[in-house]
Amino acid sequence: MAWQKGETGYAPEKSGMNRNAVIVMGDSHYAALAEAAEARALPLALGPTSQADILIFNAWKHSLNYEFLVAHRGELVFNHRLKAKIDTLKSDYDAVTFACMFGGNHNHTLTLLQHPQPFDVHMPDIVKAPTASGAHVLTRAYVEATLLEYMSLSLVTTAKVAEAFRQDQTLHLSPPPCIGDDTFSKKHMGAFFEMRAPAFGDVSLTPRLIRQKIWNLQLALQKTNATRHGYRHLSPPPTSMDVEGFLASQFYGSDATHANRAYGDLLLRQLEDEIGAPIGAINYFD
């Protein structure tokens with residue numbers, strides 16, 4: 001039930017079972033992937049099959065507050081009860097890939113609503129865009145440090161998944177690109193941001209190019225974490241973006257920070273390319 005790393009990537013070890021699975025764990029962004037998987041609605045196979053099952057941890061059942069990490073001898077480790085449950089699930093499969101979707105909205109927390117003191121960051125190696133007129137220009141190091149304060153738990157969680165299941169392949173799926181349509185974003189901010197927006201008057205958003213810069217910086221930090229801890233980071237599917245690099249409108253979700261089922265279907269195809277098998281059946285666990 002392990003993956004062998006070869007010259008061209010990972011492949012399942014040879015055995016007589018020929019059953020593969022993708023185990024998905026994450027925060028709110030996993031919903032798009034789950035909705036796309038549900039739309040396929042195939043039953044779980046009971047024997048050898050060319051299709052892979054997708055097993056999704058039902059984080060919504062825990063109000064997105066499940067403790068994936070617990071303290072053990074002075075350090076954080078992957079929740080041992082959940083690991084035991086996953087080990088039992090794994091016993092039915094020849095090869096398992098973990099698809100992690102932890103975090104992803106930290107860039108929006110910093111940048112969706114305009115700050116009282118408008119800011120920008122200069123980092124031409126990531127996004128070749130001019131700094132905003134009249135904005136306080138921050139150093140990349142300062143913004144990275146601020147982002148890492150927000151992102152630290154999600155980065156550690158993904159790293160601990162890779163550590164707990166080191167015989168298996170672990171992937172991190174990127175959060176969706178920023179939505180560049182300010183009109184849509186103002187009308188569909190979502191409860192988290194609506195509570196933080198001014199009660200009266202016009203809602204001001206951080207300029208979309210700055211939002212895009214911070215999103216790209218977040219991805220760079222996620223990629224660095226993946227390299228450091230031995231798992232792989234998958235960038236958003238190229239077809240999910242418009243010509244400017246923002247989320248294409250056909251993939252907008254119900255609010256300004258999430259994508260929809262059509263985007264989730266792109267993620268399923270991305271996973272299928274990674275494991276070399278079509279994904280068919282879905283099941284939830286918690």
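Worth knowing before you read on, the calculation uses all heavy atoms, side chains too, and leaves out hydrogens, waters and symmetry mates.
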Kindly say whether [Y] contributes a backbone atom to a donor-acceptor pair with the side chain of [X] at under 3.5 angstrom?
X	Y	answer
Glu272	Ile279	yes
Gln212	Glu244	yes
His233	Leu221	no
Thr88	Ala84	yes
Gln270	Ser235	yes
Lys160	Leu76	yes
Asn79	Glu67	yes

Quick one: [atom1] on [X] to [atom2] on [Y], what's the gap to the nearest 0.5 Å?
X	Y	atom1	atom2	value
Tyr263	Glu35	OH	CD	14.0 Å
Arg19	Asp53	CZ	CG	5.0 Å
Gln117	Leu138	CD	CG	8.5 Å
Leu247	Trp215	CG	CH2	9.0 Å
Leu219	Thr224	CG	OG1	10.5 Å
Asp182	Leu112	CG	CG	9.0 Å

Within one Ile-Leu-Val-Met-Phe-Trp-Tyr cluster: [X] and [Y], side-chain cutoff 4.5 Å:
X	Y	answer
Val161	Val70	no
Leu64	Val24	yes
Met241	Leu266	no
Val77	Leu153	no

Checklist entry - Can Tyr66 and Asp27 be said to form a side chain to side chain contact (heavy atoms under 4.5 Å, CB included), step by step? => result CA-CA 9 Å; Tyr66 185 82; Asp27 297 320; over 6 Å; no
Are the side chains of [X] and [Y] in touch, meaning some heavy atoms are under 4.5 Å apart?
X	Y	value
Tyr252	Asp181	yes
Leu267	Pro237	yes
Gln218	His108	no
Ser240	Pro177	yes
Leu205	Ser185	yes
Phe165	Asp87	yes
Leu271	Leu171	yes
Tyr93	Asp168	no

Checklist entry - Does a donor on one side chain and an acceptor on the other come within less than 3.5 Å for Glu38 and Tyr284? => result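 The criterion, which ignores hydrogens and geometry beyond distance, is satisfied for Tyr284 and Glu38.
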Checklist entry - Taking atom types as modelled, is there a side-chain donor on Thr257 or Asp255 under 3.5 Å from an acceptor on the other? => result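 A donor-acceptor contact under 3.5 Å links the two side chains.
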Next on the checklist: Working note: Asp242 + Phe251, criterion side chain to side chain contact (heavy atoms under 4.5 Å, CB included); need CA distance, chi angles, decisive distance, verdict.
Outcome noted: CA-CA 10 Å; Asp242 63 21; Phe251 302 114; over 6 Å; no
Where [X] and [Y] come nearest, the two heavy atoms and their spacing:
X	Y	value
Thr158	Cys100	CG2-CB, 3.9 Å
Gln51	Gly280	OE1-CA, 3.9 Å
Trp60	Ala31	NE1-CB, 3.8 Å
Ala256	Ile179	O-CD1, 3.6 Å
Phe285	Ile23	CZ-CG2, 3.8 Å
Pro175	His172	CD-CE1, 4.4 Å

Checklist entry - Is the Phe57 to His62 ring centre distance short of 6.0 Å? => result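 They qualify: ring centres under 6.0 Å apart.
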Item to check | Side-chain ion pair, Arg269 and Asp273, N-O less than 4.0 Å | outcome: no
Next on the checklist: Between Glu274 and Thr97, is the side chain to side chain contact (heavy atoms under 4.5 Å, CB included) condition met? List the steps.
Outcome noted: CA-CA 9 Å; Glu274 289 294 325; Thr97 292; over 6 Å; no
Next on the checklist: List the residues meeting salt bridge (Lys or Arg N to Asp or Glu O under 4.0 Å) with Lys186, not counting sequence neighbours, and say none if there are none.
Outcome noted: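 Per chain and number, Lys186 pairs via salt bridge (Lys or Arg N to Asp or Glu O under 4.0 Å) with Asp202.
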Next on the checklist: My understanding is that only residues two or more places apart in sequence, or in another chain, count here; which of them pass ring-ring contact (aromatic ring centres under 6.0 Å, His included) with His188?
Outcome noted: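 Checked His188 against ring-ring contact (aromatic ring centres under 6.0 Å, His included); matches are Phe184.
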Next on the checklist: Within the supplied structure, the quantity of interest is the number of heavy atoms (other residues, nucleotides, ligands) at a distance under 6.0 Å from Arg261 CZ; does it exceed 12?
Outcome noted: no
Checklist entry - Parallel, tilted or perpendicular for His258 and His29, by the 30°/60° rule? => result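 Tilted: the ring planes of His258 and His29 meet at 30° to 60°.
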Next on the checklist: Over 60° means perpendicular and under 30° means parallel, so tell me whether His229 and Tyr231 are parallel, tilted or perpendicular.
Outcome noted: parallel
Checklist entry - Between Asp120, Thr206, Asn107, which is the residue that forms a side-chain contact (heavy atoms from CB on, under 4.5 Å) with Lys213? => result Asp120
Item to check | CA sep, side-chain torsions, deciding dist, call: Leu217, Val121, side chain to side chain contact (heavy atoms under 4.5 Å, CB included) | outcome: CA-CA 10 Å; Leu217 183 55; Val121 56; 5.5 Å; no
